[in-house]
Amino acid sequence: MKKINYSFLFALLFSISLISQEIGDIKVKNKFYGAKTMKKAPKKIYINSFNINYEFYKEAVDFKVGGNGGRIGGNTSNATARAAIGLGGIEANLMQEKTNLLYNNFIARLKSEGYEIVSADEAGKTDLYKNWKKETGPDVKESFSGIINTMPEGYSYFYKRKTNKGEVKKGFLGGIGNQAKLSKALGGATIVDVNLYVMFTENGSNMFKGRAAKVKLKTNLRLASSYMISVPVKTKKKKSIAGKIFGSVKIKGATNHYPANSNISFMQGKVGLGSKASFTGTLKDDVEINGVLKKQKVVAYQKQGSFVPTSFSTFSTYLAAKADRFSTTAKWINVDGKKYADGFYNACNTFLTKQLDAFFSKIK
């Protein structure tokens, strides 16, 4: 009887799976220092964060301020261009199922390598998390405007506080140094953090727009290597007398930016403010998820009104030219919920599998 080559068969089935799910080539990179130290560390792991995020809506705005240039430069109005794009058809229950599967796969792999999973209850007894709040999945929430965060069923994490907008805060500078403190408090356990971002928009070029406001958004569904989430700042009118005189302290067209990097990290031990050993895994490039969303673009463009005073000018002409001008373009795109969930899962799971392979290969 012919011997079956199981390694070849697994590789073949895995490659067929990738093709059927239509994701691009996944090239990962990682940095590891203190591998020998981590190899000797207790085989205990605490999952400090498991953040699975996906974008379903994006809004962008550009503002061109007007001015008074007199008879030479002329007078120009303010111009605002606003573009928005959203995805319909995404099924929340499917996304929760896929997130649960990602987490369960992750736990199973850690256990198969001989690691004990430290519970959230045990971590909650440490001084670091004293008076912190605990949240347990399953849960779906908007982490940023247009970005959904799905928490796996059975997973718990701690946070210090939440802002009025629901943004989670984990201490000073985002909780820098907490992993080292936690590792020491848990008897040298390795602390794991997972952050994944599946995005579908990119900012297009707005060069050569002249006297105008312009916004261009492009679609490209992918597991993002590195991306800057941009959220337009909404101005609020002040109710105080000073506020009514000077208006909002927010600048029109202002945008807040938040970095989004898909990564996984393992940190162990404590030396000074940092860890004794650290593994960080990232992507070399974005991983495109094909066959779900066609590449297209949404553009909003608004020219400034202009007025050059002459001896024939009237005040009404001046007012019409100086009036604020607005342009808004919005588009809603429906996708196949199952294809979206499958592509999302395949890209995230493959990334985690490759990084776990790299991590464990270096500590055996």
> Any salt bridge (Lys or Arg N to Asp or Glu O under 4.0 Å) pairs touching residues 272-289, not counting sequence neighbours?
Replying inline: Arg222-Asp286, Glu288-Lys295
>> According to salt bridge (Lys or Arg N to Asp or Glu O under 4.0 Å), does anything in residues 95-114 pair up with another residue at least two apart or in another chain? List the pairs.
In response: Lys98-Asp342, Arg109-Glu113, Arg109-Asp357, Glu113-Lys364
Under the rule for side-chain contact (heavy atoms from CB on, under 4.5 Å), what residues qualify as partners of [X], not counting sequence neighbours?
X: Asn263; value: Asn195, Asn261, Thr282
X: Glu91; value: Asn93, Leu94
X: Lys39; value: Ile363
X: Val298; value: Ala83, Ile85, Thr329, Lys331

Is it the case that more than 12 heavy atoms not belonging to [X] sit under 6.0 Å from its [atom1] atom?
X: Lys362; atom1: NZ; answer: yes
X: Lys184; atom1: NZ; answer: no
X: Lys27; atom1: NZ; answer: no

Output the distance between atom [atom1] ([X]) and atom [atom2] ([Y]), rounded to the nearest 0.5 Å.
X: Asn30; Y: Phe279; atom1: CG; atom2: CZ; answer: 4.0 Å
X: Asp336; Y: Ile90; atom1: CG; atom2: CD1; answer: 11.5 Å
X: Thr190; Y: Lys44; atom1: OG1; atom2: NZ; answer: 10.0 Å

Can you check whether [Y]'s main-chain N or O pairs, donor with acceptor, with [X]'s side chain at less than 3.5 Å?
X: Ser262; Y: Ala224; result: yes
X: Thr37; Y: Ala277; result: no
X: Asn48; Y: Val192; result: no
X: Gln355; Y: Lys29; result: yes
X: Ser361; Y: Ala358; result: yes
X: Ser183; Y: Ala180; result: no
X: Thr219; Y: Lys294; result: yes
X: Ser119; Y: Glu122; result: yes
X: Glu55; Y: Thr201; result: yes

Contacts of [X] that satisfy side chain to side chain donor-acceptor pair (under 3.5 Å) - sequence neighbours left out:
X: Lys134; result: Asp121
X: Asn100; result: Gln96
X: Thr136; result: Ser156
X: Asn105; result: Tyr345, Asn349

>> Using the rule given for side-chain hydrogen bond (donor to acceptor under 3.5 Å, both in side chains), can you reason through Asp193 versus Gln179, listing the C-alpha separation, both sets of side-chain angles and the distance that settles it, and then say yes or no?
In response: CA-CA 9 Å; Asp193 288 278; Gln179 287 83 352; 3.0 Å; yes
> Relative to the ring of Tyr157, is the ring of Tyr159 parallel (under 30°), tilted (30 to 60°) or perpendicular (over 60°)?
Replying inline: tilted
Only distances under 3.5 Å count here; give the side-chain donor-acceptor pairs of residues 264-272 to other protein atoms, sequence neighbours excluded, each with its distance to 0.1 Å.
unit_1: Gln268; atom_1: NE2; unit_2: Gly188; atom_2: O; d: 3.0
unit_1: Lys270; atom_1: NZ; unit_2: Gly272; atom_2: O; d: 2.5

>> The test is side-chain contact (heavy atoms from CB on, under 4.5 Å); show your working for Phe344 and Ile52 and say whether it passes.
In response: CA-CA 10 Å; Phe344 157 88; Ile52 309 298; 3.2 Å; yes
> Do you know which two heavy atoms are closest between Leu110 and Leu356, and how far apart they sit?
Replying inline: CD2-CD2, 4.3 Å
> Between Phe50 and Phe106, is the ring centre distance below 6.0 Å?
Replying inline: yes
> Can we call the ring centroids of Phe56 and Phe200 under 6.0 Å apart?
Replying inline: no
> For Phe360, what residues pass the ring-ring contact (aromatic ring centres under 6.0 Å, His included) criterion, not counting sequence neighbours?
Replying inline: Tyr115
> Do Met228 and Tyr57 sit in the same hydrophobic cluster, where Ile, Leu, Val, Met, Phe, Trp and Tyr count as joined when their side-chain heavy atoms come under 4.5 Å apart?
Replying inline: no
> Should Val28 and Tyr33 be regarded as members of a common hydrophobic cluster, given that ILVMFWY residues are connected when their side-chain heavy atoms come within less than 4.5 Å of each other, either directly or indirectly?
Replying inline: no
